*Asks:* 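Below you'll find the structure I mean.
It should be emphasised that the depicted structure is a prediction, and the values quoted were computed from it without experimental measurement.
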Amino acid sequence: MKKTTLILILAIGLSTVVSGQTKTSKVDKVREDIIALEKSGWEAWKNKNAGWFQNNVTEDFMSINSDGISSKAEVVKSTPTDCDVKSFSLENFKFVLLDKDVALLTYTAKQDALCGGKQIAPNVRSTVNYVRRGGRWLEALYVETPMTR
């Protein structure tokens, strides 16, 4: 009886640990995938690759920064010509899976770029909302806020 009880307790304890690890590892995988996708978006911006935005943002996408609000069509149209990006770096990623199909990512970015002929803010806080549609993660909202310190 004691041996059976001990085995049952161990089995329950191990199943809880394995279950917790599975959920955590799934969230970690989504986090890694979305961060990689976000980094590839910045590379696309630097390389003037409008195709990335055509394929990886939602139809109702919005980009909000100090210059205003841009739609998907506006971003796709302006990407090849609007900005000259010398360099960028991304760090301090924070990730929250809001539900199985909605994720929020924030991070800080350092950028050296001219857009529309003017120097853009060198340090920004980016907030990005991703949604899963048709089995793919797509960027739905991008907000960029200049950092003063």
*Asks:* Could you measure the distance from the OG1 atom of T58 to the CG atom of L141? Nearest 0.5 Å is fine.
*Replies:* 9.0 Å
*Asks:* Using a strict cut-off of less than 4.0 Å between a Lys/Arg side-chain nitrogen and an Asp/Glu carboxylate oxygen, indicate whether D84 and K48 qualify as a salt bridge.
*Replies:*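 K48 and D84: salt-bridged.
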*Asks:* In terms of hydrophobic clustering (I, L, V, M, F, W, Y; side-chain heavy atoms under 4.5 Å; direct or indirect links), are V57 and W137 co-clustered?
*Replies:* yes
*Asks:* Identify the two heavy atoms, one from N92 and one from R125, that lie closest to each other, and give their separation to 0.1 Å.
*Replies:* O-NH1, 4.1 Å
*Asks:* Working to the nearest 0.5 angstrom, can you tell me the gap between I120 CD1 and L114 CG?
*Replies:*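 The distance works out to 8.5 Å.
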*Asks:* Determine whether W42 and V85 satisfy the following criterion, side-chain contact (heavy atoms from CB on, under 4.5 Å), listing intermediate values before the conclusion.
*Replies:* CA-CA 10 Å; W42 277 75; V85 183; over 6 Å; no
*Asks:* State, with a plain yes or no, whether a side-chain heavy atom of E144 is found less than 4.5 Å away from one of Q111.
*Replies:* yes
*Asks:* Find out if a path of hydrophobic residues (ILVMFWY) with successive side-chain heavy-atom gaps under 4.5 Å connects V76 to W45.
*Replies:* yes
*Asks:* Nearest 0.5 Å, what's the CG-CG distance between D28 and D33?
*Replies:* 11.0 Å
*Asks:* Do the side chains of V143 and I69 join up, straight or via other hydrophobic residues, at under 4.5 Å, putting them in one cluster?
*Replies:*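 Per the 4.5 Å side-chain linkage, V143 and I69 are co-clustered.
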*Asks:* Determine, using the 4.5 Å side-chain heavy-atom cutoff (strictly less than), whether L98 and Y130 are members of one ILVMFWY cluster.
*Replies:* no
*Asks:* Does L37 form a side-chain contact (heavy atoms from CB on, under 4.5 Å) with W52? I'd like the steps, not just the answer.
*Replies:* CA-CA 10 Å; L37 188 57; W52 186 94; 3.9 Å; yes
*Asks:* Going by heavy atoms in the side chains, are K39 and F93 under 4.5 Å from each other?
*Replies:*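 K39 vs F93: side chains touch.
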*Asks:* Which residues satisfy the salt bridge (charged side-chain N to carboxylate O under 4.0 Å, His left out) test with R132, sequence neighbours excluded?
*Replies:*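 Salt bridge (charged side-chain N to carboxylate O under 4.0 Å, His left out) list for R132, sorted by chain: D101.
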*Asks:* Which value, rounded to the nearest 0.5 Å, describes the distance between S126 atom OG and L105 atom CG?
*Replies:* 8.5 Å
*Asks:* Please report the shortest heavy-atom distance between S70 and V75, naming the atom on each side.
*Replies:* CB-CG2, 3.8 Å
*Asks:* I'd like to know if the side chain of T108 and the backbone of E91 have a donor-acceptor N/O pair within less than 3.5 Å.
*Replies:* yes
*Asks:* Measuring from atom OG of S63 to atom CD of E139, what distance do you get when rounded to the nearest 0.5 angstrom?
*Replies:* 8.0 Å
*Asks:* What are the two closest non-hydrogen atoms of F53 and G41, and how far apart are they?
*Replies:*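 Scanning both residues completely, I find the closest heavy atoms to be CZ-O, 3.7 Å.
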*Asks:* To check you understand the geometry: which heavy-atom pair defines the closest contact between L90 and A109, and what is its length?
*Replies:* CD2-CB, 3.6 Å
*Asks:* Please determine whether residues L104 and L97 belong to a single hydrophobic cluster, defined as Ile, Leu, Val, Met, Phe, Trp and Tyr linked transitively by side-chain heavy-atom distances below 4.5 Å.
*Replies:*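 No; L97 is not reachable from L104 via cluster members.
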*Asks:* Might you work through the side-chain contact (heavy atoms from CB on, under 4.5 Å) test for F61 and L138, ending with a clear yes or no?
*Replies:* CA-CA 9 Å; F61 169 80; L138 301 173; over 6 Å; no
*Asks:* Under the 3.5 angstrom rule, does the side chain of K72 hit a backbone N or O of Q54 as a donor-acceptor pair?
*Replies:*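 Yes, the answer is positive, given that a donor and an acceptor are paired below the 3.5 Å cut-off.
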*Asks:* Starting from V124, walk the hydrophobic network (Ile, Leu, Val, Met, Phe, Trp, Tyr; side-chain heavy atoms closer than 4.5 Å) and list everyone else you reach, by chain and number.
*Replies:* none
*Asks:* Nearest 0.5 Å, please: how far is CD1 in I34 from CG in N129?
*Replies:* 9.0 Å
*Asks:* Hey, does the side chain of E74 reach the backbone of S71 with a donor-acceptor pair shorter than 3.5 angstrom?
*Replies:*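 Yes; at least one donor-acceptor contact below 3.5 Å.
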*Asks:* Among residues two or more places apart or on two chains, list those pairs meeting disulfide bond (SG atoms under 2.5 Å apart) that have a residue in residues 75-141.
*Replies:*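 Counting only pairs at least two positions apart or across chains, the disulfide bond (SG atoms under 2.5 Å apart) contacts touching residues 75-141 are C83-C115.
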*Asks:* Looking at N55 and R136, what are the two nearest heavy atoms and their distance?
*Replies:* O-NH2, 2.9 Å
